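Computed from a predicted model, the values in this text were never measured in an experiment. So you know, we letter chains A, B, ... as the sequences are listed, proteins then strands, and number each from 1.
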There are 2 protein chains.
Amino acid sequence: MEMPKYMTLVTWIKNKIEMGELKYGEKLYSENELGSMFGISRQTVRQAINILVQDKYLESRQGSGTYIIFNASAKREPTMTIGVATTYVGAYIFPQIIRGIENVLTTAGYSMQLTFTHNKVQNESRVLRSMLEKGVDGMIIEPTQSGLPNPNFKIYEEIQRQRIPVLFINSTYPGIKIPHVSMNDRMAGQIAAQHLINAGHKRIAGIFKSDDHQGHLRYAGYLDALLKAGYEIHDENVLWYSTEDIPDLTQFPEIILRRVKDCTALICYNDEIAMQMVDIMKKNGIAVPDDLSLVSFDNSDLAELCEIPLTSVAHPMNVLGKVAAENLLHLIQDHTFKATVDFEPTIVTRKSVRTLA
Amino acid sequence: MEMPKYMTLVTWIKNKIEMGELKYGEKLYSENELGSMFGISRQTVRQAINILVQDKYLESRQGSGTYIIFNASAKREPTMTIGVATTYVGAYIFPQIIRGIENVLTTAGYSMQLTFTHNKVQNESRVLRSMLEKGVDGMIIEPTQSGLPNPNFKIYEEIQRQRIPVLFINSTYPGIKIPHVSMNDRMAGQIAAQHLINAGHKRIAGIFKSDDHQGHLRYAGYLDALLKAGYEIHDENVLWYSTEDIPDLTQFPEIILRRVKDCTALICYNDEIAMQMVDIMKKNGIAVPDDLSLVSFDNSDLAELCEIPLTSVAHPMNVLGKVAAENLLHLIQDHTFKATVDFEPTIVTRKSVRTLA
DNA sequence: TATCAAGAAATGTACGTACAACTTTGTTGA
DNA sequence: TCAACAAAGTTGTACGTACATTTCTTGATA
């Protein structure tokens with residue numbers, strides 16, 4: 001005999017549950033019914049049901065019947081662990097965000113299971129599966145490659161099916177219904193450009209990240225401001241880069257110099273890029289801010305410590321982490337909680353922008 | 001009927017095991033034997049045995065018999081989770097260390113449960129207890145307040161009793177037998193002082209952290225070098241500070257200025273402090289390095305980004321994290337593995353030291 | 001002495017019966 | 001209308017039998 005009769009019944013019932021044909025709380029067929037349905041004895045049916053009760057798929061109530069319970073989610077006892085996955089950690093704004101999250105979680109008695117995706121979708125996939133397997137009470141995820149279509153959406157479906165609360169930070173995947181806590185990046189882009197326009201700049205170049213949704217939004221905001229001011233858009237002044245190119249950006253200064261030609265200002269995707277730009281400009285005899293004004297994003301330590309302190313649109317950083325963690329805890333309590341927050345950006349003025357006459 | 005027959009058999013067997021009358025690996029009576037011993041049918045015996053198999057007391061092997069195995073508590077199954085507790089995360093060298101650890105753990109299929117103690121022993125206590133409760137396969141701990149006697153040693157005893165591998169990073173508690181992976185701080189202190197001595201400096205001040213064992217060691221190395229060179233030690237040139245004072249150090253410049261009086265050089269506990277010193281000196285008309293040479297520790301980003309780039313003794317950072325994680329995984333495999341590593345420090349020369357004529 | 005095969009012994013699967021304990025539901029009676 | 005009761009339905013306990021599958025032992029054979 002290949003598979004014991006009770007085993008075929010086990011898999012049959014499991015399938016029914018996982019396909020959603022038998023839902024949470026519903027009553028299963030009675031032992032006698034199943035017996036006659038499958039042409040097996042009641043004892044054999046009981047054997048199958050016992051296994052599923054052990055695996056927390058079913059629950060038997062004497063005198064009443066056998067009921068379906070969610071195997072992993074609804075009946076799972078809390079692990080008091082929250083899975084957190086950010087793209088990077090090395091430095092920059094990430095440690096601040098993580099600190100914000102950790103503070104809240106620890107205070108609430110949770111612990112944080114932290115992983116980094118290095119902005120690779122395969123890693124995101126692996127991380128999410130691992131969290132599902134370990135059984136976390138909730139997840140805070142910084143989406144990877146959010147500018148591109150997301151291949152992990154099947155996993156997100158499974159997570160939602162298991163009713164595990166998830167919150168995105170910094171970005172989202174367009175078209176996925178998961179709450180997010182981030183800076184309003186479009187408004188941030190708009191503010192950055194507007195700041196330069198107010199300072200009298202008319203021809204403004206931009207460097208944006210192509211594989212992040214954030215990059216797209218900041219670019220959109222940049223366009224908003226230019227269009228509102230009635231200035232022309234020049235495609236040749238916009239440089240898109242993807243994550244893999246970052247280390248090389250300083251290696252090819254001519255590409256950048258070509259973009260900023262005729263421009264009096266440049267908007268950089270983040271402080272890190274802006275700092276590299278300061279370096280490139282210095283080496284090529286372009287003075288910042290006298291010849292070229294710079295505005296960047298995130299207002300990290302780098303903006304302060306840069307040779308020419310950078311005017312930068314402030315990222316909430318540890319406040320964002322704090323709010324994300326708090327909202328996730330709310331979500332765990334109440335699955336209908338509206339957890340999405342868009343932080344209003346503010347700009348911090350330093351010395352990298354020159355006001356034109 | 002008060003208690004079902006199969007239940008009385010369950011408790012009887014459980015008792016036999018817990019009383020030590022049936023030991024690990026031994027064979028239980030056969031189902032038929034138990035049946036006749038208790039005057040019950042084989043089916044009923046099987047019901048009892050099934051329960052004990054589920055509870056990990058017994059293990060049935062077809063054709064052979066039923067055997068006693070360690071019950072759940074003694075035979076804890078791996079959680080594939082490593083608890084990591086560092087003091088801070090906000091920035092500085094910590095993200096690098098954490099990245100190093102995370103990389104190794106993730107590659108090996110483990111996940112990292114990360115917490116921060118903020119260098120408070122109460123937090124360390126809470127964190128360790130939580131890890132014990134959650135059940136981690138190993139721990140990487142950065143000791144808090146390692147300069148002071150450790151009040152958590154009871155917990156460390158319990159951890160060792162449960163044979164959970166632990167590894168300290170960056171520091172240790174003197175007198176506790178737990179392996180550690182850190183920089184050789186005494187040698188680092190010695191190298192820092194020697195570098196200044198070689199540059200012709202004779203009167204060298206120092207700022208050290210009093211509540212870290214690291215601080216004590218770096219101070220000891222500083223003394224080593226001065227004594228070896230035959231220079232006098234001046235207590236009034238050494239400033240000790242504790243963690244709580246850090247934000248205030250720039251608030252009381254006169255305390256620092258008093259210490260560096262008559263000195264041509266200053267050794268700072270870390271880059272963060274050194275950077276504050278640069279600030280204070282600038283505000284008080286003391287030029288670095290012309291009037292005062294500075295050497296610091298850790299060789300973090302700050303050393304590079306500082307107004308006056310700092311000569312600093314290099315901290316291995318992410319290599320340290322990597323090695324710590326690797327050694328902990330070794331320890332999990334083999335509890336006798338010698339996991340202690342002292343990294344040999346090297347000094348990175350920048351512009352904060354002036355060579356005296 | 002070593003090898004192999006048969007048989008004994010153990011657990012695994014499957015069916016059957018009987019009754020106990022409990023829950024649900026519908027009916028009866030005050 | 002409500003409470004008590006009865007009946008039906010469901011799972012829980014317990015016994016029995018039969019045969020399958022696997023492991024271990026033993027004895028015969030080369």
Contact state string [nucleotides 22-27 of chain D, B base, S sugar-phosphate only, - no protein heavy atom under 4.0 Å]: BBS---

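- Atoms CD (Glu31(A)) and C1' (dA8(D)) sit 16 Å apart, rounded to a whole Å.
- Salt bridge Arg61(B)/Glu59(B): present, at least one basic N to carboxylate O contact under 4.0 Å.
- Shortest non-hydrogen contact noted between Pro179(B) and Thr340(B) is CA-OG1, 3.2 Å.
- Between its two ends, the helix from dT1(C)-dA30(D) to dA30(C)-dT1(D) turns its axis by 0°, counting five pairs per end and rounding to 10 degrees.
- Side-chain N/O atoms of Ser64(B) and Tyr67(B) include a donor and acceptor closer than 3.5 Å.
- The separation between Asn50(B) atom CG and dT11(C) atom P is 12 Å, rounded to whole Å.
- Atoms CD (Glu59(A)) and C1' (dT23(C)) sit 15 Å apart, rounded to a whole Å.
- No side-chain donor from either of Lys120(B) and Thr144(B) sits under 3.5 Å from a side-chain acceptor of the other.
- Within the structure, the ring-ring contact (aromatic ring centres under 6.0 Å, His included) test picks out the following pairs touching residues 141-180 of chain A (sequence neighbours left out): Tyr156(A)-Phe168(A), Phe168(A)-Tyr173(A).
- Per the geometry, CD belonging to Glu33(B) stands 13 Å off C1' belonging to dT11(C), to the nearest Å.
- For Ser171(A), the side chain to side chain donor-acceptor pair (under 3.5 Å) partners are Ser146(A), not counting sequence neighbours.
- Atom-to-atom, CD1 of Ile49(B) to C1' of dA10(C) comes out at 11 Å; the value is rounded to the nearest Å.
- Of all the heavy atoms in Tyr88(A) and Glu142(A), the pair that sits closest is N-OE1, 4.5 Å.
- In this model, no donor atom of one side chain and acceptor atom of the other lie less than 3.5 Å apart for Ser182(B) and Asn170(B).
- A cation-pi contact, defined as under 6.0 Å to the ring centre and within 45° of the axis, is absent between Arg99(B) and Phe116(A).
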Filtered N/O pairs between nucleotides 15-17 of chain D and protein, under 3.5 Å:
| unit_1 | atom_1 | unit_2 | atom_2 | d |
| --- | --- | --- | --- | --- |
| dC15(D) | OP1 | Lys5(B) | NZ | 2.7 |
| dC15(D) | OP2 | Ser41(B) | N | 3.2 |
| dC15(D) | OP2 | Thr44(B) | OG1 | 2.7 |
| dT17(D) | O4 | Gln43(B) | NE2 | 2.9 |

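- Regarding Leu9(B), its CG atom lies at a distance of 14 Å from the P atom of dT13(D), rounded to whole Å.
- For dT13(D), one of the phosphate oxygens OP1 or OP2 lies less than 4.0 angstrom from a side-chain nitrogen or oxygen of Tyr6(B).
- Distance Gln47(A) CD to dT11(C) P: 16 Å, rounded to the nearest Å.
- Here Glu133(B) does not pair with Arg129(B) in a salt bridge; the nearest charged N to carboxylate O distance is not below 4.0 Å.
- Distances shorter than 4.0 Å separate some side-chain N or O of Arg46(A) from OP1 or OP2 on dG12(D).
- Listed by chain and residue number, Glu21(B) satisfy the salt bridge (charged side-chain N to carboxylate O under 4.0 Å, His left out) test with Lys16(B) (two or more places apart in sequence, or in another chain).
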